[in-house]
Amino acid sequence: MYPTQTLSEKLKLLITVLYPILITQLGLYSMNFFDTIMSGRAGAGDLAGVAIGSSLWVPVFTGLSGILLAITPIVSQYIGAQQEERVSFSVLQGVYLSVALSVIILIGGSLLLNPILSMMELNDHVREVAKGYLIGLSFGILPLFIYSVFRSFIDALGQTRTTMFITLMSLPINLFFNYVLIFGKFGFPKLGGIGAGYASGITYWFILLITLFFILKVRPFRTFALFKHWYGVSLKTWIEQLRIGVPIGFSIFFEVSIFAAVTLLMSAFSTETIAAHQAAINFASLLYMIPLSISMALTIAVGFEVGGKRYHDAKQYSYIGIGFAVGMALLSAFILFFFNDSIAGWYTSDKAVFDLIKVFLIYAVFFQLSDAIAAPIQGALRGYKDVNITLLMSLISYWIIGLPSGYLLAQYTSFGPYGYWIGLSTGLLVAAVTLFLRLRFLQNKKTVNI
C-alpha cells in the first residue's frame, strides 16, 4: 500500500489489491464448491449429508476465524503509521489465539455433534454422511486457523498475490483427494460425501506448510522475523484483538449462520429439497466471494488511510468499492437468471433435484444487490475499526427480521421452502441500508474532527 492522489490511482491500486484476494477467495471456496458437486455425483443422500455437515461447520469457522481478521486492520494501521516494529508481536499473539480457538472448537464438537444431529429429522444415511464429513474435516481445523492469522498478516501488507498463489497451489491437492476419497480411486476407500471432509482436512495442512515457507523465506515477510523472538502469551494483546475481532466474528457469524439455519430448517422437507437448496446456496455463495473480496480489500485500503489520518482518501476508497461491487452484482444476477439450467446440471442428474435447483437460483437473484452493498460497507467499517454497531445491525437484520420472516413465509404461505430465501433477501436488504447509514455517519464524524 502507498498514498494516492487521484481517483484513477485509487481505483488502480484497489484493483491491484483486490484481484488476488478474489482469486484466493474463489480458490478457497471452490474446495466447498467441489465438495458439493462431487458429493452430488455420489448421490442425493451424500449431497444432503454434506449440506448438513457444511451448514454446521461454516458458521462456526467463519465466525471464529472472523475474530482473527482483527490482525488485518491492526497491521494495516501499524504500517500506515510507520510502526512496523510492532507487527511481529501482534501476529504471534494472533497465532496463540488461533490455537486456543481450535482447541475450543474440537472440544465443543466432540461434545455437541451427536446431540445436534440426533435432534434433526434426517434419515440414517444423511446423518452418517454429515457426521463423517465433520470428523474428517476436524483434522484440519488447527492448521486452518493458524493459516487464517498468517493470511491476515500477508494481506495487510498488500501482498495479496502471495495468498492467491498459495491457494492456487493447494487446489489440485484438494481436487485429487476429493476424487480418490469420494469415489474410491487408486486403491483408496470409497467414502462418498464423507471423503470430502477428509480431503479438506488434508488440504488445510498443505496450505499451512506452503504459507510457512513464504513467511520464513520470502521478502517482505521474512524481514519481520515473526519467529525470531518467541514472546509469551499476552492477555492484554489478546483482549485488544478480541475487542476488534469478536464483533467482526459475530457479525460474520450472524450473516453466515442464517444461511446455515435455513439449511437445517430445510431438514423438515424432503431429501431432494435439502439437496437442491444446498446446490443453489453453494453457487450463490460462490458469487458472494466477489463482494466479500471487495470487503477485504477495502479493510486493507481504508485501514491504511485511516492509520495515516487521510480520512478523505479513506472515504473515496469506500465508495469506489461499493460502486464496483454493485456492478459485479448485476453481472451475477444476469448469470443466475439466464444460465440456471446449465448451473443446475453441474450438481445433479436427478430430474427432481434439477428442477428444484432452478427455482432456488431464481430467488438467489434478489439478494445479490443487497450483498453487493452490505459486504463492502462492512469491510470499510473494519478499516475504521468500527465494529460494535455493525455487530448489532447484523443481529437485528438477519436474526430478528430475516429468519423469522422467512420462517413465517415457509410455514404459513404457499411459498414453502422458497419462503426462507425471501426472508434471506429481506434481512440482507435491511443490513445494506442500516450499514450504509452507519458508514455515512462515521465518515461525516471523521471529517468534522479533522
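Nearest heavy-atom pair, L439 versus A380, reported as atom, atom and distance to 0.1 Å: CD1-CB, 4.2 Å. For the residue pair N178 and M38, the shortest heavy atom distance occurs at CB-SD, 3.4 Å. Summarising the geometry of S148 relative to L68, their closest heavy-atom pair is CB-CD1, 4.1 Å, with the distance given to 0.1 Å. In this structure, T426 and I401 approach most closely via the heavy-atom pair CG2-CG2, 4.0 Å. Minimum heavy-atom separation, L242 to L97: CD2-CD2, 4.0 Å. Summarising the geometry of Q241 relative to G94, their closest heavy-atom pair is OE1-CA, 3.5 Å, with the distance given to 0.1 Å.
In this structure, I335 and I343 have side chains that are in contact, with non-hydrogen atoms separated by less than 4.5 Å. Contact check for M393 versus R438: side-chain heavy atoms found under the 4.5 Å cut-off. Side-chain contact between F153 and L157: present, with at least one pair of heavy atoms (C-beta onward) separated by less than 4.5 Å. The closest side-chain heavy-atom distance from D355 to V359 is not below 4.5 Å. Residues L22 and I290 are in side-chain contact: their nearest non-hydrogen atoms beyond the backbone lie under 4.5 Å apart. Side-chain contact between I141 and L106: present, with at least one pair of heavy atoms (C-beta onward) separated by less than 4.5 Å. Looking at I373 and L429, their side chains never come closer than 4.5 Å, going by heavy atoms from C-beta outward. Within the 4.5 Å cutoff, no side-chain heavy atoms of W399 are placed close to those of P404.
With hydrogens and angles ignored, the 3.5 Å screen pairs no side-chain donor or acceptor of S295 with any backbone N or O of P291. The backbone N or O of Q159 sits nowhere less than 3.5 Å from a side-chain atom of T163 that would complete a donor-acceptor pair. The closest donor-acceptor contact from the side chain of S397 to the backbone of L428 lies at 3.5 Å or more, if one exists at all. Side-chain N or O atoms of W205 include one that pairs as donor or acceptor with a backbone N or O of F139 at under 3.5 Å.
Around CZ of F354, the count of heavy atoms belonging to other residues, nucleotides or ligands within 6.0 Å exceeds 12. Summarising the local packing, CZ of R161 is surrounded by 12 or fewer heavy atoms from other residues, nucleotides or ligands at distances under 6.0 Å. Shown here is F415, whose CZ atom has no more than 12 heavy atoms of other residues, nucleotides or ligands within 6.0 Å. Heavy atoms from other residues, nucleotides or ligands lying under 6.0 Å from CZ of F183 number more than 12. Environment of CZ in F165: sparse, with no more than 12 heavy atoms of neighbouring residues, nucleotides or ligands closer than 6.0 Å. No more than 12 heavy-atom neighbours from other residues, nucleotides or ligands sit within 6.0 angstrom of OH on Y407.
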Assess whether side-chain contact (heavy atoms from CB on, under 4.5 Å) is satisfied between S102 and F145, documenting all intermediate values.
-> CA-CA 7 Å; S102 300; F145 273 68; 3.4 Å; yes
Which is it for L408 and S405 under the side-chain contact (heavy atoms from CB on, under 4.5 Å) test, yes or no, and what are the steps along the way?
-> CA-CA 5 Å; L408 291 174; S405 63; 5.7 Å; no
side-chain contact (heavy atoms from CB on, under 4.5 Å) between L181 and K190, worked out | CA-CA 6 Å; L181 291 174; K190 183 178 180 180; over 6 Å; no
Can V262 and H277 be said to form a side-chain contact (heavy atoms from CB on, under 4.5 Å), step by step?
-> CA-CA 9 Å; V262 167; H277 162 81; 3.7 Å; yes
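Every side-chain hydrogen bond (donor to acceptor under 3.5 Å, both in side chains) that Q411 has, sequence neighbours left out, goes to Y420.
To the nearest 0.5 angstrom, I21 atom CD1 is 8.5 Å from T299 atom OG1. Residue L298 holds its CG atom at 11.5 Å from CE of M296, rounded to the nearest 0.5 Å. Rounded to the nearest 0.5 angstrom, L144 CG and L208 CG are separated by 9.5 Å. For the atom pair CD1 of I377 and CG of L437, the computed distance is 8.5 Å after rounding to the nearest 0.5 Å. Within the model, atoms OG of S370 and CG of L424 stand 11.0 Å from one another, a figure rounded to the nearest 0.5 Å. Between the OG atom in S98 and the CG atom in L142 there is a gap of 7.0 Å [rounded to 0.5 Å].
Using bins of under 30°, 30° to 60° and over 60° for the plane-to-plane angle, the ring pair Y418/Y363 lands in the parallel bin.
Sorted by first and then second residue, the salt bridge (charged side-chain N to carboxylate O under 4.0 Å, His left out) pairs with a member in residues 127-147 read D124-R127; sequence neighbours excluded.
For F177 and Y198, the distance between ring centers is not under 6.0 angstrom.
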